[in-house]
Amino acid sequence: MIRSAKNLSPDQKIAIESILGRELRENEDISVRAIEPPDLTDERRSEVVKGLEEYFAKVDAQRQPVSPEEADAAIDEALRSVRPNYRSVR
């Protein structure tokens, strides 16, 4: 389903803006799609988790050491780049 922002009801606009974390522009189109998660077996789920753990171990091995405060600041910056109204709960 694709809808134009200018044709949304006020309630729809508020709901979508809260999901996006920003205001909609009148010239934007909004696409909404519901997807059903795959039915994973316990075995497949374990394989996926193992693969992610291996991937993140490789990434962690290559990163430069930083203080916990610097790491938190980088995470907060990344969150604010996609959610401008993000506020840290720390």
Side-chain angles (χ1 to χ4, degrees):
M1 156 175 77
I2 298 177
R3 302 278 302 267
S4 175
K6 64 184 174 194
N7 295 329
L8 296 174
S9 72
D11 288 341
Q12 290 171 325
K13 188 173 180 182
I14 289 169
I16 292 170
E17 288 175 340
S18 72
I19 291 169
L20 291 175
R22 66 170 179 82
E23 289 187 16
L24 286 173
R25 292 182 290 277
E26 289 294 312
N27 65 341
E28 289 183 299
D29 289 332
I30 297 90
S31 172
V32 177
R33 186 172 128 191
I35 56 173
E36 193 170 317
D39 188 23
L40 294 178
T41 64
D42 288 343
E43 181 180 338
R44 179 65 182 133
R45 187 179 309 271
S46 294
E47 290 172 3
V48 170
V49 168
K50 182 180 178 189
L52 286 170
E53 288 171 342
E54 290 172 359
Y55 170 77
F56 287 122
K58 288 178 186 176
V59 170
D60 284 345
Q62 295 175 348
R63 72 177 176 89
Q64 299 294 318
V66 296
S67 71
E69 293 80 16
E70 289 174 303
D72 287 343
I75 291 169
D76 287 346
E77 180 181 344
L79 286 167
R80 277 192 294 278
S81 74
V82 294
R83 297 224 180 240
N85 296 325
Y86 172 78
R87 299 286 184 264
S88 178
V89 294
R90 287 178 231 116

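Here the CZ atom belonging to Arg80 is positioned 11.5 Å from the CD1 atom belonging to Ile75, to the nearest 0.5 angstrom. The distance from the OG atom of Ser18 to the CD1 atom of Ile14 is 8.5 Å, given to the nearest 0.5 Å. In this structure, CG on Asn85 lies 11.5 Å from CG on Leu20, to the nearest 0.5 angstrom. How far CD1 of Ile2 is from CZ of Arg33: 11.0 Å, rounded to the nearest 0.5 Å. Note that the CZ atom of Arg22 and the CZ atom of Arg83 stand 11.0 Å from one another [nearest 0.5 Å].
When the side chains of ILVMFWY residues are joined at heavy-atom separations under 4.5 Å, either directly or via intervening members, Met1 and Leu24 end up in a single hydrophobic cluster. Cluster annotation: Leu52 and Val59 are assigned to the same hydrophobic cluster (Ile/Leu/Val/Met/Phe/Trp/Tyr, side-chain heavy-atom contacts under 4.5 Å, transitive). There is a path of hydrophobic side-chain contacts, each under 4.5 Å, that joins Tyr55 to Val48.
For the pairing with Leu8, the side-chain contact (heavy atoms from CB on, under 4.5 Å) check across Glu17, Glu26, Arg3 returns one residue only, Arg3.
Scanning both residues, Asp29 and Ser4, for their nearest heavy atoms gives OD1-CA, 3.5 Å. Summarising the geometry of Gly21 relative to Pro84, their closest heavy-atom pair is O-CD, 3.3 Å, with the distance given to 0.1 Å.
Looking only at side-chain heavy atoms (C-beta outward), Arg44 and Glu47 come within less than 4.5 Å of each other.
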